Protein chains: 4
Amino acid sequence: MARPKTGDKRSAILQAATVTIASNGLGASTASIAKAAGVGEGSLFRYFADKDELLNELYRELKNNMRHAMTSGFPAEAALKVRARHIWDSYVSWGMDSPDKRKTMAQLSVSDRVLERIRQEGQAGFDGISATMQQIVDRGKLCALPPRFVNDLLLSMAETTMAAMANEPRKAERYRAAGFEAFWSAAAKK
Amino acid sequence: MARPKTGDKRSAILQAATVTIASNGLGASTASIAKAAGVGEGSLFRYFADKDELLNELYRELKNNMRHAMTSGFPAEAALKVRARHIWDSYVSWGMDSPDKRKTMAQLSVSDRVLERIRQEGQAGFDGISATMQQIVDRGKLCALPPRFVNDLLLSMAETTMAAMANEPRKAERYRAAGFEAFWSAAAKK
Amino acid sequence: MARPKTGDKRSAILQAATVTIASNGLGASTASIAKAAGVGEGSLFRYFADKDELLNELYRELKNNMRHAMTSGFPAEAALKVRARHIWDSYVSWGMDSPDKRKTMAQLSVSDRVLERIRQEGQAGFDGISATMQQIVDRGKLCALPPRFVNDLLLSMAETTMAAMANEPRKAERYRAAGFEAFWSAAAKK
Amino acid sequence: MARPKTGDKRSAILQAATVTIASNGLGASTASIAKAAGVGEGSLFRYFADKDELLNELYRELKNNMRHAMTSGFPAEAALKVRARHIWDSYVSWGMDSPDKRKTMAQLSVSDRVLERIRQEGQAGFDGISATMQQIVDRGKLCALPPRFVNDLLLSMAETTMAAMANEPRKAERYRAAGFEAFWSAAAKK
DNA sequence: GATGAATGAGGCTTCATTCAT
DNA sequence: GATGAATGAAGCCTCATTCAT
């Protein structure tokens with residue numbers, strides 16, 4: 001029996017990629033990622049066929065991670081605004097707790113090296129959240145529009161909020177609350 | 001592209017860079033940009049010391065271009081919401097009329113190759129707009145926060161709106177209007 | 001390919017190497033050969049110290065195989081031309097029956113990774129055949145030259161003949177016969 | 001005006017490739033070829049898009065070179081055997097005068113990296129020679145077969161002859177003559 | 001001033017080989 | 001003994017930048 005492929009190494013590479021890409025962009029070299037992971041240059045390619053596959057898997061990983069952060073503890077039975085606030089808070093917390101993940105995710109979201117197929121798979125599993133979004137839309141001002149739009153609006157407003165939070169950490173909580181209220185005003189029924 | 005008149009080479013390079021980067025990302029080679037500009041590979045470096053300078057100048061150029069689009073015809077005396085709507089509309093129009101500029105701007109905005117100094121210079125000159133933003137803040141729900149935050153909120157909401165417009169061109173105008181109302185609800189006094 | 005019985009691994013590797021090299025050239029990776037043999041990547045190196053040794057052993061194996069095909073049933077007592085024809089036919093049959101062996105042999109014959117020592121060992125054991133060659137030389141037009149030359153002439157003429165046969169299968173037998181007559185005319189007494 | 005692309009450099013690369021491939025096979029690295037040519041690694045790719053293109057151009061070059069050697073001074077009006085002998089001699093001389101060209105040509109002829117299209121282009125321009133081959137076929141023993149076959153036969157017999165000449169330089173001329181007689185006996189009318 | 005030929009550093013990827021299991 | 005995970009050297013190729021013309 002050969003040495004088993006340690007799941008650790010795969011994770012180490014993905015984590016190293018997150019950090020390295022966060023600070024150097026998608027142009028970060030595979031060599032630098034491997035080095036950051038404490039792994040030989042060639043080893044990276046045992047786990048990922050090529051750089052594009054690494055990028056796609058990283059997207060999937062981060063999306064999963066984000067989904068977990070947002071889904072766990074979701075108060076499915078609570079009032080609409082409470083649920084919305086949970087979505088907002090859990091997303092912002094995820095982003096602020098791991099700025100590298102957030103930055104890297106931002107780059108991947110914009111890159112055309114992430115396949116459409118992977119993107120769509122990434123949408124799955126946000127069930128409670130999607131349902132909530134749908135309700136916000138249905139009962140809100142934007143009822144004529146696809147929930148996707150509201151969802152994206154939330155993400156981009158949260159992004160802006162996080163940037164402000166990162167910039168002025170002392171006012172972080174104020175931004176977080178204000179950002180949510182802005183979103184809620186934008187989307188919910190008058 | 002034909003060989004541009006001598007004095008226009010700089011402009012030709014910037015324009016070619018806009019197009020080329022829009023479709024190939026910031027990794028677009030200087031050679032490909034020069035070629036698209038109808039200019040020799042080496043000539044590019046007579047106008048820009050290196051690629052980073054080109055990128056920074058391009059940022060400045062696009063920001064100027066955007067400023068011009070948003071500033072000209074600005075109804076400085078109109079009611080607040082009218083002015084806000086003008087800001088929104090002119091920004092969205094700028095982005096939808098020249099998708100290459102918008103895409104390239106998006107890449108530059110996120111890249112750390114654009115110096116902070118240049119970014120800040122780019123803020124200048126949006127006078128009427130800044131004043132309007134200030135008023136929106138002062139008179140609105142977000143009065144405790146810096147106008148910069150509201151400004152960024154507008155930009156990111158408009159960005160999301162433009163993405164939706166580009167995705168479903170038939171509903172474009174509906175998105176544009178809905179996006180603005182969302183922003184206005186988010187920022188203005190109840 | 002299923003996992004071969006333990007004792008057969010060596011053979012499985014050699015056979016897999018024949019097939020793989022025939023279609024991918026000597027650059028075929030050891031990993032691909034191992035895989036084709038249904039054997040672990042590392043196992044290959046338990047049977048062959050390194051790739052060069054594999055190549056040399058493969059040369060030896062194919063040469064042995066070819067010798068067997070040409071030697072068995074050799075009509076040692078028949079007339080000279082009959083024996084010559086048997087040499088020709090058995091060589092051509094060997095090559096046409098197993099194109100992979102022929103192609104791989106062609107690559108190995110030309111490669112400098114096969115040691116001169118191995119090449120020479122490969123000559124041995126063609127006893128009846130060598131004797132026949134000697135007679136062709138002695139009694140023929142080329143009597144002043146070493147039998148090795150005539151032997152090589154036969155091989156290369158047969159090679160050319162096989163290429164033509166492979167190219168136009170319908171005329172295969174015509175080529176086979178014509179090729180031999182050409183050789184016989186070239187080498188035998190007027 | 002930029003520095004003109006010196007035809008010399010292209011030639012230097014092709015020549016270096018000839019030498020390097022002759023001794024290291026088609027696996028010779030582009031770096032080693034560039035170095036042998038006294039040229040930067042990257043420069044090679046200004047003259048040839050990739051290694052395959054280099055190989056194809058090299059094939060063309062060598063074929064042209066060979067054609068020139070065989071065509072110039074061709075005694076178009078002479079007797080058939082005289083013309084055949086000229087073909088034989090000029091081909092053998094070409095091969096013996098430049099063993100590197102011969103070895104490299106041999107590798108290229110066998111490689112599937114040389115495109116069929118290039119191969120066919122290479123056939124062109126051997127007019128006097130093709131005509132002569134046709135006559136040898138028409139008037140000879142192999143009249144039922146395509147001239148291509150006789151042509152290939154000549155080449156392979158000459159190849160074998162050259163190998164012998166190279167092996168025993170002192171008997172070189174004897175081999176050259178004997179080889180031709182063998183060919184003539186094989187192909188011409190009794 | 002304009003050009004594009006020249007280049008080496010660096011990027012991605014493959015591969016023969018080693019060795020822990 | 002068998003395996004395949006691990007690896008770094010080496011291969012092909014790209015590219016920003018320099019500089020001869």
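Every chain is numbered from 1, with letters handed out A, B, ... down the list of sequences. Quantities reported herein were computed from a predicted structural model and do not represent experimental measurements.
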Item to check | Flag side-chain contact, heavy atom, 4.5 Å: Ile33(B) against Val19(B) | outcome: no

Item to check | Salt bridge present between Glu41(B) and Arg46(D) (N-O < 4.0 angstrom) | outcome: yes

Next on the checklist: Once pairs are restricted to Watson-Crick or G-U wobble with both distances under 3.5 Å, how does DNA chain F read as a dot-bracket string, [ ] for crossings and | for other-strand pairs?
Outcome noted: .||||||||||||||||||||

Checklist outcome for this item: Residues passing the side-chain contact (heavy atoms from CB on, under 4.5 Å) test with Lys63(B), sequence neighbours excluded, are Tyr59(B), Met66(B), Met105(B), Phe126(B)

Checklist entry - Phe48(C) versus Arg10(C): any side-chain heavy-atom pair under 4.5 Å? => result yes

Checklist entry - At under 4.0 Å, does any side-chain N or O of Lys35(A) touch on OP1 or OP2 of dG8(F)? => result no

Nucleotide N/O of nucleotides 10-13 of chain F paired with protein N/O under 3.5 Å:
| from | atom 1 | to | atom 2 | distance (Å) |
| --- | --- | --- | --- | --- |
| dC12(F) | OP1 | Lys51(D) | NZ | 2.7 |
| dC12(F) | OP2 | Thr30(D) | N | 2.7 |
| dC12(F) | OP2 | Thr30(D) | OG1 | 3.0 |
| dC13(F) | OP2 | Lys51(D) | N | 2.8 |
| dC13(F) | N4 | Glu41(D) | OE1 | 3.3 |

Checklist entry - Can you tell me how far P of dT13(E) sits from CD1 of Ile33(A), to the nearest Å? => result 11 Å

Next on the checklist: If you define the side chain from C-beta out and look only at heavy atoms, does anything of Leu54(D) sit under 4.5 Å from Asp50(D)?
Outcome noted: no

Checklist entry - Glu53(C) has an atom CD; how far is it from atom C1' of dT17(E), in whole Å? => result 14 Å

Next on the checklist: Quick check on DNA chain E: between Arg113(C) and Gly40(B), whose nearest nucleotide comes earlier from the 5' end?
Outcome noted: Gly40(B)

Checklist entry - Once you round it to whole Å, what is the distance between C1' of dA6(F) and CZ of Phe48(A)? => result 15 Å

Checklist outcome for this item: Rounded to whole Å, the CD1-C1' distance (Ile13(D) to dA6(E)) equals 11 Å

Item to check | Over 12 non-hydrogen atoms of neighbours within 6.0 angstrom of CD in Gln15(D) | outcome: no

Checklist entry - So does Arg46(A) get a side-chain nitrogen or oxygen closer than 4.0 Å to the phosphate oxygens (OP1/OP2) of dA5(F)? => result yes

Item to check | Leu58(A) side chain reached by Ile21(A) side chain, heavy atoms, under 4.5 Å | outcome: yes

Item to check | Atom-to-atom span, CG of Leu44(A) to P of dC15(E) - whole angstrom | outcome: 17 Å

Item to check | Length of the CZ-P vector between Arg10(D) and dA6(E), whole Å | outcome: 13 Å

Checklist entry - Rounded to the nearest 0.5 Å, how far apart are CZ of Arg113(C) and CG of Leu26(C)? => result 7.0 Å

Next on the checklist: Please determine whether a side-chain nitrogen or oxygen atom of Tyr47(C) lies at a distance below 4.0 Å from atom OP1 or OP2 of dG1(F).
Outcome noted: no

Checklist entry - Given side chains that start at C-beta, do those of Arg117(A) and Gln120(A) come closer than 4.5 Å, heavy atoms only? => result no

